[in-house]
Amino acid sequence: MHARRALLYVPGDDWKKITKAMTLGVDSICLDMEDGVALSHKEIARQTIPKALQELDFGASEKLVRINAVGSGLEREDIAAILPYRPDGIVIPKVESLEQIRWADDVIAGAELKYGWPLHSIRLLIGIETPRGVLHLAEIASHPRLDAIIFGGEDFAAAIGATRTPGAIELLYARQAVVVACAAYGLQAIDIVNPDFKNLDALRAEAEFGARLGYSGKQVIHPAQVEPVQTAFTPSDEAIAHARRLIEAFEAAQKEGKGAFALDGKMVDMPMLKNAQKVLERARAAGKA
Ligand code: COA
Ligand code: MG
């Protein structure tokens, strides 16, 4: 699965920002048709995004397009406008039911068949950003075309009447519910946007906290946010070295017939091994180790 440490939104009607996005070395570029585009500019986005998919070199960045929500009345024309130009994946915002994913899956499968692309080669990422979306996570996360769930913190806070605070304590329950659903079905979990794009210290702290919660990446909205977020979601050299040491010590202990042992004065057993393996998995996905 493509590593998505930083997923950058770019308004799909803004050619200048779209060309800029290509130069940033970001993991995923998400050309937006939804909330980053004014209602009066939806048609411009439907014309601009196909042009970008055809003409621009995305380099190693993944090509994603976010359409408007299923049920908005815009979704059919959005997806029809971009599918022929073969994005790597489609992002569906504000998903609340498995039915909505099935709709998108049918449309995408139709295009894969029509153009002779391998079935399931176009991946699906969804936004969970409403109370019903959170309540229905268990069935939503089970769909086989899904790669990732994106947690929309601002929309969710607005929907439940929460006041946003810098530590995002008001989002904790839903933010963790998304991670749990993702872990249950082997999906990537992509954390909240930090709109305060001039405050990179706050961004770093929020990204590191998201990584500690179990998120594998984070949404970003400005070029300056890319590097801090990529760093926060890449295991540090120390974390990698510690994971390697723990795995070696674990294997040695197993040979001696010990399930639990002490390393640096702390107990180690199976869960710590699994955690260390996850660290190395993430390091490899980020091209490190
Ligand atoms: N993607 C690509 N380039 C971007 C960008 C983005 N998301 N946001 C800013 N840039 C570019 C600007 O065009 C500018 O380029 P330049 O130096 O070549 O002129 C440079 O980065 C610096 O931008 P800056 O002047 O600091 O910001 P701004 O006032 O132009 O834009 C925002 C601020 C918030 C409007 C802009 O970052 C943005 O549109 N972000 C995405 C919003 C979005 O999609 N929201 C929906 C999903 S939550
Ligand atoms: Mg949103």
Side-chain angles (χ1 to χ4, degrees), residues 2 4-95 100-101 103-112 114-115 117 121-127 129 145 147-148 150 152 154-155 190 193-195 197 217-226 229-230:
H2 186 85
R4 302 184 178 98
R5 296 167 303 174
L7 185 157
L8 174 71
Y9 291 106
V10 189
D13 60 338
D14 190 333
W15 186 254
K16 183 167 167 280
K17 287 197 176 85
I18 294 173
T19 55
K20 174 110 182 167
M22 309 293 138
T23 68
L24 302 173
V26 64
D27 305 85
S28 299
I29 295 172
C30 183
L31 303 175
D32 192 22
M33 301 175 116
E34 201 217 7
D35 288 348
V37 176
L39 210 49
S40 61
H41 275 213
K42 298 290 187 192
E43 199 48 54
I44 298 177
R46 283 182 190 151
Q47 288 162 17
T48 307
I49 293 172
K51 185 170 146 69
L53 292 173
Q54 287 174 92
E55 294 177 9
L56 299 179
D57 180 3
F58 283 65
S61 301
E62 181 183 38
K63 298 185 249 190
L64 300 175
V65 180
R66 182 166 79 169
I67 65 169
N68 283 280
V70 180
S72 66
L74 297 167
E75 70 275 20
R76 281 171 206 282
E77 282 186 68
D78 283 351
I79 203 165
I82 53 106
L83 262 183
Y85 306 99
R86 201 176 187 183
D88 297 317
I90 308 274
V91 178
I92 308 192
K94 300 185 179 72
V95 167
Q100 294 172 322
I101 303 181
W103 173 80
D105 180 48
D106 281 350
V107 176
I108 296 169
E112 286 168 341
K114 177 173 168 189
Y115 296 105
W117 303 330
S121 56
I122 297 186
R123 305 306 304 169
L124 196 57
L125 295 79
I126 57 161
E129 38 198 338
R145 193 185 287 270
D147 259 16
I150 302 166
E154 299 303 324
D155 278 291
I190 302 178
V193 168
N194 191 313
F197 61 82
K218 187 174 178 68
Q219 306 163 79
V220 298
I221 48 93
H222 190 277
Q225 294 185 320
V226 172
V229 165
Q230 287 178 331

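Just so you know, these numbers use all the heavy atoms, side chains as well, and skip hydrogens, waters and symmetry mates. Counting begins at 1 with the first residue of the sequence.
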Query raised in the report: For Ala81, which residues count as a side-chain contact (heavy atoms from CB on, under 4.5 Å) partner, sequence neighbours excluded?
Result: Arg46
**Report entry** Contacts of Tyr85 that satisfy ring pair (Phe, Tyr, Trp, His ring centres under 6.0 Å) - sequence neighbours left out
**Finding:** none
Requested in this report: Sequence neighbours left out, what passes side-chain contact (heavy atoms from CB on, under 4.5 Å) with Arg86? Give chain and number order.
Outcome: Trp117, Pro118, Ser121
Query raised in the report: Is there a donor-acceptor contact under 3.5 Å from the side chain of Glu129 to the main chain of Lys94?
Result: yes
Report summary line: When rounded to the nearest 0.5 Å, the distance separating CG of Leu124 from CD1 of Ile101 is 6.5 Å
Query raised in the report: Ion pair present between Arg4 and Asp27, side-chain N to carboxylate O less than 4.0 angstrom?
Result: no
Report summary line: Residue set satisfying salt bridge (charged side-chain N to carboxylate O under 4.0 Å, His left out) with Asp13, at least two apart, ordered chain then number -> none
Query raised in the report: Between Arg123 and Leu64, is there a donor-acceptor pair closer than 3.5 Å when you use the side chain of the first and the backbone of the second?
Result: no
Query raised in the report: Do side-chain atoms of Glu112 reach the backbone of Ile122 as a donor and acceptor pair under 3.5 angstrom?
Result: yes
Query raised in the report: For Ala80, which residues count as a side-chain contact (heavy atoms from CB on, under 4.5 Å) partner, sequence neighbours excluded?
Result: none
**Report entry** Interatomic spacing from CD1 in Ile79 to CD1 in Ile108 - rounded to 0.5 Å
**Finding:** 4.5 Å
Report task. List in chain and number order the residues that pass ring pair (Phe, Tyr, Trp, His ring centres under 6.0 Å) with Trp15, two or more places apart in sequence or in another chain; answer none if no residue qualifies. Result -> none
Requested in this report: Using the test salt bridge (charged side-chain N to carboxylate O under 4.0 Å, His left out), find all partners of Glu75 that sit at least two apart in sequence or belong to another chain.
Outcome: none
Requested in this report: Can you sort out the partners of Asp155 under side-chain hydrogen bond (donor to acceptor under 3.5 Å, both in side chains), two or more places apart, ordered by chain and number?
Outcome: none
Query raised in the report: At what distance, to the nearest 0.5 angstrom, does CZ of Arg145 lie from CD1 of Ile90?
Result: 9.5 Å
**Report entry** Residues that Asn68 engages under side-chain contact (heavy atoms from CB on, under 4.5 Å), provided they are two or more places apart
**Finding:** Met33, Glu34, Lys42, Ser72, Leu74, Asp78
**Report entry** salt bridge (charged side-chain N to carboxylate O under 4.0 Å, His left out) partners of Lys218, counting only residues at least two apart
**Finding:** Glu206
Query raised in the report: Does the side chain of Ile92 reach to within under 4.5 Å of the side chain of Val70, using non-hydrogen atoms?
Result: yes
Report summary line: Lys63 meets the side-chain hydrogen bond (donor to acceptor under 3.5 Å, both in side chains) criterion, sequence neighbours left out, with none
Query raised in the report: Between CG of Leu31 and CG of Leu8, what distance do you get to the nearest 0.5 Å?
Result: 9.0 Å
Query - Residues forming a salt bridge (charged side-chain N to carboxylate O under 4.0 Å, His left out) with Lys51, sequence neighbours excluded - result: Glu55
